[in-house]
Structures are given as structure tokens and as C-alpha cells.
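Quick note: residue numbers are just sequence positions, from 1.
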Amino acid sequence: MSVNCIRIGATRLCLALMLALLVVPGYIVAPVLFSTAPSQSLAGEIAGNIFHISLISLLFLAAATAAFWMRMQGGSVGRRRWILLLALSILVAVNAFALAPVMAEIKAQMGPIDLVAKDDPQRQLFGMWHGISAVMHLISSLLAALLVAMGPVGRSPDKGSCQSS
């Protein structure tokens, strides 16, 4: 097995883990937390921690993917893949480092969300930022799914050389 084949396999793993780090917390863990936790505040706190760890981990995986791509075939993995990875990384970074702190500050000022009226301006402001974050998370998930579907590299002159016999 060649070094390039190992890089291709590692890239596949990175892309799959990136997709999992978006889908599992956002569309499996969070809904279960909010339907089973004793309070929305507790569910939100736990979900926020899970999202933070997931998004930071995702950025490390995006960096690893970029490093693998640069080492494969002289970095010629295709412009579309680079653009998708960059867009995904920007969305994740904005969610983690711009939107999450804004939402955390609103929650800190508001107190436990369970005790705040639904028509309270702070709660509505939090809802707006949460909605923006959720849309960005959805777009990130779709970009990650597209990257997984496209595969780790573009056309390879030695296609099939990484297949097991």
C-alpha cells in the first residue's frame, strides 16, 4: 500500500468524522437532550458544550484534511473541494467563535430560559441568534455531506491502485 493510499484513506476518515461531528450533535443528541432533560436550561447547557467540542474538533479535522490534500498529487484535489472545505471551515468558525459567544452572553443576561416569558425581548433575541446558528449548522452539514459524497480526491491517474486485492 502506497503512502498516497494511506493519505486517501485518512482523508476519507477525516471527511466522514467531520460529517458525523455535525450530524450527531445537531440532529440526534440535541433533540434527545431537549426531549428528556429536566429543564431546557440544562439541555441547552449540555448541548452548548457538546457543540463547542464538536466544532473545535471539526476545525482540526478540516486542517488535517487540507494537509492531506496538499500532500496528495501536489495538492491537485480540485478547486471545488478546496472551496467547499474553506466554506465549511468558515461557517464552523463563525458558529463557534462569533455566534456561540453572543448566545452565551444573552443567556447569561437572561438567566434560566425556563423562567423567561416567550415574548421577552431577550428570549426573542436569543431565538434569532439561535436560528441563524441552526441555519449555518445545516449548511455546514450539507457541505460536509457533499465533500463525503465527492470523495477525498479528484481524478487520479492511478485510479484503483488503492483497492485491496
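- By the criterion of side-chain heavy atoms lying less than 4.5 angstrom apart, applied directly or through intervening Ile, Leu, Val, Met, Phe, Trp or Tyr residues, L84 is grouped together with I8 in one hydrophobic cluster.
- Residues I90 and I83 do not share a hydrophobic cluster, clusters being chains of Ile/Leu/Val/Met/Phe/Trp/Tyr side chains in contact below 4.5 Å.
- For the side chain to side chain contact (heavy atoms under 4.5 Å, CB included) test, residues two or more places apart in sequence or in another chain that qualify with I28 are V24.
- Scored by the side chain to side chain donor-acceptor pair (under 3.5 Å) test, S41 finds D114 as partners (sequence neighbours excluded).
- The shortest heavy-atom contact between L143 and A87 is CD1-CB, 3.9 Å.
- When hydrophobic residues (I, L, V, M, F, W, Y) are linked wherever their side-chain heavy atoms come within less than 4.5 Å, F68 remains an isolated member.
- Screening residues 96-117 for ring-ring contact (aromatic ring centres under 6.0 Å, His included), with sequence neighbours left out, gives no hits.
- In this structure, the side chain to side chain contact (heavy atoms under 4.5 Å, CB included) partners of L13, at least two apart in sequence or on a different chain, are L17.
- Taking CG of L19 as the start and SG of C14 as the end, the distance is 13.0 Å to the nearest 0.5 Å.
- Taking the ring-ring contact (aromatic ring centres under 6.0 Å, His included) definition, one finds that H52 meets it with nothing, sequence neighbours left out.
- Under the 4.5 Å side-chain heavy-atom criterion for grouping Ile, Leu, Val, Met, Phe, Trp and Tyr, I50 is not connected to L138 through any hydrophobic cluster.
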Would you give me the side-chain donor-acceptor pairs under 3.5 Å for residues 122-129, sequence neighbours excluded?
residue	atom	partner	partner atom	Å
Q122	NE2	Q109	OE1	3.0
R123	NH1	I113	O	3.0
R123	NH1	V116	O	2.7

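- Rounded to the nearest 0.5 Å, atoms CE (M103) and CE (M110) are 11.0 Å apart.
- Shown here are the side chain to side chain contact (heavy atoms under 4.5 Å, CB included) partners of A100, two or more places apart in sequence or in another chain: there are none.
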Taking distance alone, no hydrogens or angles, what donor-acceptor pairs closer than 3.5 Å link side-chain atoms of residues 42-49 to residues at least two apart or in another chain?
residue	atom	partner	partner atom	Å
N49	ND2	E45	O	3.3

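- Rounded to the nearest 0.5 angstrom, T65 OG1 and L58 CG are separated by 9.0 Å.
- Note: the hydrophobic cluster containing I53 does not contain V94 (ILVMFWY, side chain heavy atoms under 4.5 Å, direct or indirect links).
- The shortest distance between side-chain heavy atoms of L86 and W82 does not fall below 4.5 Å.
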Evaluate the criterion side chain to side chain contact (heavy atoms under 4.5 Å, CB included) for residue pair M18 and L85; output intermediate values, then yes/no. CA-CA 10 Å; M18 290 167 64; L85 184 65; 3.7 Å; yes
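- Between S140 and L91, the shortest heavy-atom contact is OG-CB, 3.3 Å.
- The ring-ring contact (aromatic ring centres under 6.0 Å, His included) analysis of residues 14-51, with sequence neighbours excluded, yields the pairs Y27-H137, F51-H137.
- Criterion: ILVMFWY side-chain heavy atoms under 4.5 Å apart, direct or through other members. Under it, V23 and L146 are part of a common hydrophobic cluster.
- With contacts defined as side-chain heavy-atom distances shorter than 4.5 Å, the pair R12/L15 does not qualify.
- The list of side-chain hydrogen bond (donor to acceptor under 3.5 Å, both in side chains) pairs with a residue in residues 86-99, not counting sequence neighbours, reads N95-S133.
- Residues L88 and L22 have side chains in contact (heavy-atom distance under 4.5 Å, counting atoms from C-beta outward).
- In this structure, the side chain of R81 engages the main chain of M150 through a donor-acceptor pair within 3.5 Å.
- A distance of 10.5 Å separates CG of L115 from CD of Q40, quoted to the nearest 0.5 Å.
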